[in-house]
Protein chains: 2
Amino acid sequence: MSSHSPNIPCALCSSRKFSLFSDLPEAQICAISDHKNLISHRRGQILYYEGTKPLGIFCINSGVVKIYKTASNGKEQIIHLAQKGDFLGYAALLGEENYSNSSMIIEDAKICFVPKEVFINSLLQNSEFFRRVAKSLSHEIGVMEEKLTNATQKSIRERLAYVLLQLGNSYGVEGGGNQRIDLTLSREEIAGIVGTATESVIRLLSEFKKDNLIELEGKKIIIKDRRGLARLSDFYA
Amino acid sequence: MSSHSPNIPCALCSSRKFSLFSDLPEAQICAISDHKNLISHRRGQILYYEGTKPLGIFCINSGVVKIYKTASNGKEQIIHLAQKGDFLGYAALLGEENYSNSSMIIEDAKICFVPKEVFINSLLQNSEFFRRVAKSLSHEIGVMEEKLTNATQKSIRERLAYVLLQLGNSYGVEGGGNQRIDLTLSREEIAGIVGTATESVIRLLSEFKKDNLIELEGKKIIIKDRRGLARLSDFYA
DNA sequence: TTAATTATATGATATTAGTCAGATATTTAA
DNA sequence: TTAAATATCTGACTAATATCATATAATTAA
């Protein structure tokens with residue numbers, strides 16, 4: 001399923017500029033580069049499972065990964081979609097806990113694995129790097145607070161509209177005045193992001209289409225009216 | 001409203017053993033001690049508001065503080081109840097962002113304020129301390145993931161049962177085979193923790209009482225049947 | 001103490017969203 | 001290519017929970 005690719009050095013990595021590694025000094029980049037492992041993954045592959053022990057961190061070079069928890073009712077709550085430049089698993093590592101979530105490739109990906117010791121040593125040798133990692137963790141907490149508040153205080157319609165806008169921001173491709181979400185998600189996965197039933201997503205997408213807010217082309221969603229969605233999402237920005 | 005108390009040194013602080021400061025070396029304890037400020041707060045007082053700039057961190061010596069976000073519908077989502085030994089505001093500080101939430105005293109409290117520079121210097125001078133803070137941030141992320149998943153995948157009844165069990169764990173006083181939650185929360189605040197309407201909390205509490213799971217004495221809740229609540233919460237532990 | 005305010009409680013109703021069932025479309029595997 | 005499996009869609013129904021209204025109790029202020 002997964003395959004090792006030519007191990008391009010971090011110094012030449014095209015996604016590094018998007019990542020926490022972006023300003024690391026030469027020496028540390030080399031140390032990490034020497035110990036990392038670039039692996040190609042196909043859609044559907046699991047990167048790690050909730051409850052298992054983290055042995056290092058993952059750094060996404062390309063592709064998209066969903067981070068999710070499986071609820072007691074069997075449904076997936078998607079916490080986050082991670083892409084190019086994002087780090088995965090460093091919270092579990094720094095928290096000295098097992099993974100609190102699972103992760104699965106949803107768009108073919110190339111991902112580097114950096115062993116725990118190498119990553120931790122980099123942090124300890126470079127407090128500026130440590131600060132950036134802490135900053136990222138802290139930011140994540142604020143994001144989660146926002147998600148929790150939306151989940152409890154907003155309707156499914158509002159949340160779906162908001163999710164579409166966010167997907168547009170992260171994966172949108174402009175064209176003909178519209179914005180095409182260039183990411184293949186099943187209705188069930190969209191439901192997992194919103195935190196609702198698959199049928200509800202299907203119904204609401206039909207409704208949004210009828211109201212000329214979006215266009216549907218199979219699994220692809222094209223946003224036609226961002227303002228309209230923003231109004232619906234109760235999120236004016 | 002608030003008053004300065006005799007500025008007891010951190011070295012003698014009774015709540016330090018519960019906090020991230022617990023294993024700090026003597027020299028740093030003194031540095032912090034020299035710059036901190038112990039202030040007494042009454043129920044209802046605001047410690048800080050969402051959107052404002054953090055100037056330091058708060059360390060709770062005694063009392064209880066609610067950390068919450070105000071949703072666009074005006075309702076409060078309570079993120080967390082903080083007590084003795086808990087740190088507040090360090091995520092915003094390390095995230096170099098304004099506060100992502102507000103905090104209000106709900107049980108008269110004594111709280112130390114440690115200025116930003118003093119706290120950051122301690123982190124940079126002591127990487128073990130920095131690691132503990134990062135560990136705490138990381139743990140918090142896992143907790144928030146769990147809360148989000150519960151919010152989207154569980155019913156209000158399940159969530160209320162679970163919240164009562166948690167309040168019992170944190171503020172419970174055993175007696176007569178029962179567990180009294182020794183914390184005054186309005187029904188509205190409980191609704192804010194669960195993420196529901198006040199009337200729903202009132203109704204469900206009445207139902208739990210009818211089913212002999214709890215006892216109600218004004219605002220105080222006595223848990224009579226932890227197993228029953230655990231079963232109801234769909235959380236078997 | 002009394003009045004005013006606020007919190008709690010309960011009923012009635014409306015709305016939202018979940019579940020179940022069946023039809024069609026799409027994807028995958030033989 | 002065809003069959004099987006899976007995903008999407010739609011309708012009908014149900015259940016959960018929010019909202020609104022009103023009554024009572026508790027708390028606060030005059």
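Quick note on labels: first sequence line is chain A, next is B, and so on, each numbered from 1. These numbers were taken from a predicted model, which means no experiment stands behind them.
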Item to check | Met104(B): side chain to side chain contact (heavy atoms under 4.5 Å, CB included) partners, not counting sequence neighbours | outcome: Ile46(B), Lys66(B), Tyr68(B)

Item to check | Check against salt bridge (charged side-chain N to carboxylate O under 4.0 Å, His left out), Lys209(A) and Glu215(A) | outcome: CA-CA 6 Å; Lys209(A) 180 183 173 181; Glu215(A) 196 70 48; 5.3 Å; no

Checklist entry - Does His80(B) have any side-chain hydrogen bond (donor to acceptor under 3.5 Å, both in side chains) partners at least two apart in sequence or in another chain, and if so, which? => result none

Checklist entry - In whole angstrom, what separates Ile190(A)'s CD1 from dT8(D)'s C1'? => result 11 Å

Checklist entry - Who passes side-chain hydrogen bond (donor to acceptor under 3.5 Å, both in side chains) against Arg180(A), sequence neighbours left out? => result Glu217(A)

Next on the checklist: Could you report the tightest heavy-atom contact between Gln77(A) and Gly192(A), atom names first, then the distance?
Outcome noted: NE2-O, 3.1 Å

Next on the checklist: Let's go through Leu137(B) and Ile141(A) carefully: what are the C-alpha distance in whole Å and the side-chain angles of both, what is the deciding distance for side chain to side chain contact (heavy atoms under 4.5 Å, CB included) to 0.1 Å, and is it a yes or a no?
Outcome noted: CA-CA 8 Å; Leu137(B) 287 169; Ile141(A) 291 175; 3.6 Å; yes

Checklist entry - Which atoms form the tightest heavy-atom contact between Val194(B) and Arg159(B), and what is the distance? => result O-NH2, 2.8 Å

Item to check | Euclidean distance, atom NZ of residue Lys220(B) to atom C1' of dA7(C) [Å, nearest integer] | outcome: 15 Å

Checklist entry - What pairs meet the ring pair (Phe, Tyr, Trp, His ring centres under 6.0 Å) rule with one or both residues in residues 157-191 of chain B, with sequence neighbours excluded? => result Tyr162(B)-Phe235(B)

Checklist outcome for this item: note: Glu188(B), atom CD; dT8(C), atom P; distance rounded to Å ~ 8 Å

Checklist entry - Which letters describe nucleotides 14-30 of chain D, given B = protein heavy atom under 4.0 Å from base, S = only from sugar-phosphate, - = neither? => result ---SSBB----------

Checklist entry - Taking it one step at a time, do Leu204(B) and Thr196(B) satisfy side chain to side chain contact (heavy atoms under 4.5 Å, CB included)? => result CA-CA 11 Å; Leu204(B) 286 167; Thr196(B) 185; over 6 Å; no

Checklist entry - Rounding to a whole Å, what distance do you find between Leu232(A):CG and dT16(C):P? => result 12 Å

Checklist entry - Contact class for Ser206(B) vs. all strands (heavy atom < 4.0 Å): base, sugar-phosphate, or nothing? => result sugar-phosphate

Checklist outcome for this item: Atom CG of Leu205(A) and atom C1' of dT8(D) are separated, to the nearest Å, by 11 Å

Checklist entry - For Glu158(A) and dT15(C), what is the distance between atoms CD and C1' respectively, to the nearest whole Å? => result 13 Å

Next on the checklist: Nearest whole Å is fine: how far is dT10(D) P from Arg187(A) CZ?
Outcome noted: 10 Å

Item to check | the helix from dT1(C)-dA30(D) to dA30(C)-dT1(D): angle between end helix axes, five pairs per end, rounded to 10 degrees | outcome: 50°

Item to check | Spacing of Ile202(A) atom CD1 relative to dA25(C) atom P, expressed in whole Å | outcome: 15 Å

